[in-house]
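Reviewing the structure listed below.
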Amino acid sequence: MASDANFEEPLRRIRERISELEGYPESPQRAREIGKQREKLDKLAEEIYRKLSPWQKTLVARHPSRPFCLDYVRLLTTDFVEWHGDRAFGDDPAIVAGFAVFGKRVVAIVGHQKGRDTKEKIRRNFGMPRPEGYRKALRIMKLAEKFQRPVLSFIDTQGAYPGLDSEERGVAEAIARNLLVMSQLRVPIIATVIGEGGSGGALGIGVADTVLMLEHSVYSVISPEGCAAILWKDQARAQEAAEAMRVTAADCKALGVADEVVAEPPGGAHADPVATIDNVGRALRVHLDRLAPMPVDALLEGRYNKFRRMGAFA
Amino acid sequence: MWFKKDKAPRAPRDPRTSSSIQEGLFLKCEECKETLFAREVERNRRVCPKCGYHFRLPADERLRLLFDDERYDIRFADVKPTDPLKFKDTKKYRDRLREYEVKTGRSDAILAATGAIDGRKTVVAVMDYAFMGGSMGSVVGEVLARSAELALAEKCPLVVVTSSGGARMQEGILSLMQMAKVSAALGRLGAARLPYVAILTDPTTGGVTASFAMLGDATLAEPKALIGFAGPRVIEQTIRQTLPEGFQRSEFLLEHGFVDLVVTRHELKAALANVLMLLSPAA
């Protein structure tokens, strides 16, 4: 398993070599060598990332340098104002919500937010929302409906927070309510899985007309570790669980859960966040242009049928 | 040692002994530990005559309990599970399905039926914990969605009795999506002003709780049923504390505002019929 998680090691070595070279005085020789190393890096990154296993993709999806929801907001939108609180209990920093200008439209934004450093991670509860997070998202989506703004949702959570307070305040009810309301919300919704799509905590802001997934993002009914702990009584068999559950974006597309897989640059989103965010922005624009002119009834009929068809039975 | 805790922490219940009473003359109540006549418990709707503990009720017995004269028509029994992921853990999913079919005589964890409750035509869907822990895969989701659509077409109420550990891992992401599918179908029922009543029984957790179990126009629960999103063990591991007594039980949810009514099995039908009367359109 260690070797499996170390798939980035060769890339790290080349990157180190490049920054070492960059410390040398400038010379044609140095430039040539850096160019050679860069080429090697791109080629190797492409090769490694093309062949990532489902478990490796899970690790990439959780990479601490991967762009988070607010990175998308910063790069893709202007005039963002964040709304706070569910008007019932409190504000949950594990979900961000608000409105911003995206291209020629004002859109509502809801998304899970993880933290980059330790302090921020704790403040954001590692991107694991409590009920008030889902209720804040619901409030903003109802506002979006009232003011006729499409909703962009960014999914990136290992799951809703499994804590005592979370249960007391009804995290299950909060998620359930969102599923129902989102299925009937009278404005377009596009959900993008940008990292981890962890279970009900992800789906709680994931009922949409169009579901996009980044190439190395994952979406699953339970975390691979959780699945392994239950089925094999051994968390360490998460690799097998990730494979068995078919958690990758390509799998989700094949199963009809994702509509489109958005490409990541070689080496993954964390290797080039700007290019990744650009790719997502382009896809969002295309789908918004398609969904925005649709009559509401057709939109809702389409959304209902999309989820109604999901499943496999004889 | 007089100062020792006299009550051991409750062990996870074994579905083999608690979902259906094993063949045999006697059985032991999990709550009061009394030895009971199996026949007596069965005649008492599987409620302990000594302490009122509710044993799990098989789905068909639940239907008999709720419908007038124990009469109903089973619906959607032709929806059968497949193995979309070719899933294998310690066993192949296909083999697991077959084993449970042999064990329970059902092809999946749900039974839907139409019939009358106090003379009112009603669609009832009951989850069966005995089949893979009542887990929700494509079949459970499909039968529930069809039940909601049937209620909509027949302009009658829908009742769902939950008993489930949550989404079925063996069907991966498709199981998760059943939450959205069923919730959307309930949305349509609600938009037509037709009542949906959720009856929560032991246990109701995970994706089932985080979807249709929490969407009732009225939510009834059997006494002391475990109802929650995360399972108690997961929460204990997260917060590194033991959970308080009664946490995630029906009475706890009632107190916290997530259940309307805790009713014993003996009063369940009357309470349900009353709620349906109060919510149904005037005749």
Where on [X] is there a heavy atom nearer than 4.5 Å to chain A: the side chain, the backbone, both, or neither?
X      : answer
B/R240 : neither
B/A185 : both
B/F247 : side chain
B/P232 : neither
B/F212 : neither
B/I239 : side chain
B/D78  : backbone
B/E171 : side chain
B/E149 : side chain

In terms of heavy-atom proximity below 4.5 Å to chain B, should A/S220 be classed as side chain, backbone, both, or neither?
->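 Backbone only.
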By a 4.5 Å heavy-atom criterion (distance strictly below it), what part of A/L180 contacts chain B: side chain, backbone, both, or neither?
->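 Contact with chain B: backbone and side chain both.
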Scan B/Q170, B/K91, B/K88 and name whichever one has a side chain to side chain contact (heavy atoms under 4.5 Å, CB included) with A/L231.
->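 So the option named by the test is B/Q170.
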For [X] against [Y], the heavy-atom pair lying closest together:
X      : Y      : result
A/A244 : B/F87  : O-CD1, 3.3 Å
B/A191 : A/Q184 : CB-NE2, 4.1 Å
A/F307 : B/A180 : CD2-CB, 3.6 Å
B/M169 : A/V221 : CA-CG1, 4.1 Å

Contacts with chain B made by residues 137-144 of chain A (heavy-atom distance under 4.5 Å), listed by residue number |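 Within residues 137-144 of chain A, no residue comes under 4.5 Å of chain B, counting heavy atoms only.
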With chain B, which of [options] has the greatest number of heavy-atom pairs at distances under 4.5 Å?
options                        : answer
A/G159, A/G163, A/P162         : A/P162
A/E240, A/R169, A/E173         : A/E173
A/G256, A/A314, A/G311, A/G170 : A/A314

For the pair A/R309 and B/E142, find out whether any cationic side-chain nitrogen is under 4.0 Å from an anionic carboxylate oxygen.
->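 No, no charged N to carboxylate O under 4.0 Å.
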Carboxylate-amine/guanidinium proximity below 4.0 Å for B/R188 and A/E301 =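 Salt bridge present between B/R188 and A/E301.
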Do side-chain atoms of A/E167 reach the backbone of B/A230 as a donor and acceptor pair under 3.5 angstrom?
->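 Between the backbone of B/A230 and the side chain of A/E167 there is a qualifying donor-acceptor contact (under 3.5 Å).
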Mark yes or no for whether B/Q248, through its side chain, and A/L164, through its backbone, hold a donor-acceptor pair below 3.5 Å.
->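 Checked: no pair found.
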B/R94: what forms a salt bridge (Lys or Arg N to Asp or Glu O under 4.0 Å) with it, not counting sequence neighbours?
->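 B/R94 satisfies salt bridge (Lys or Arg N to Asp or Glu O under 4.0 Å) with no residue once adjacent residues are dropped.
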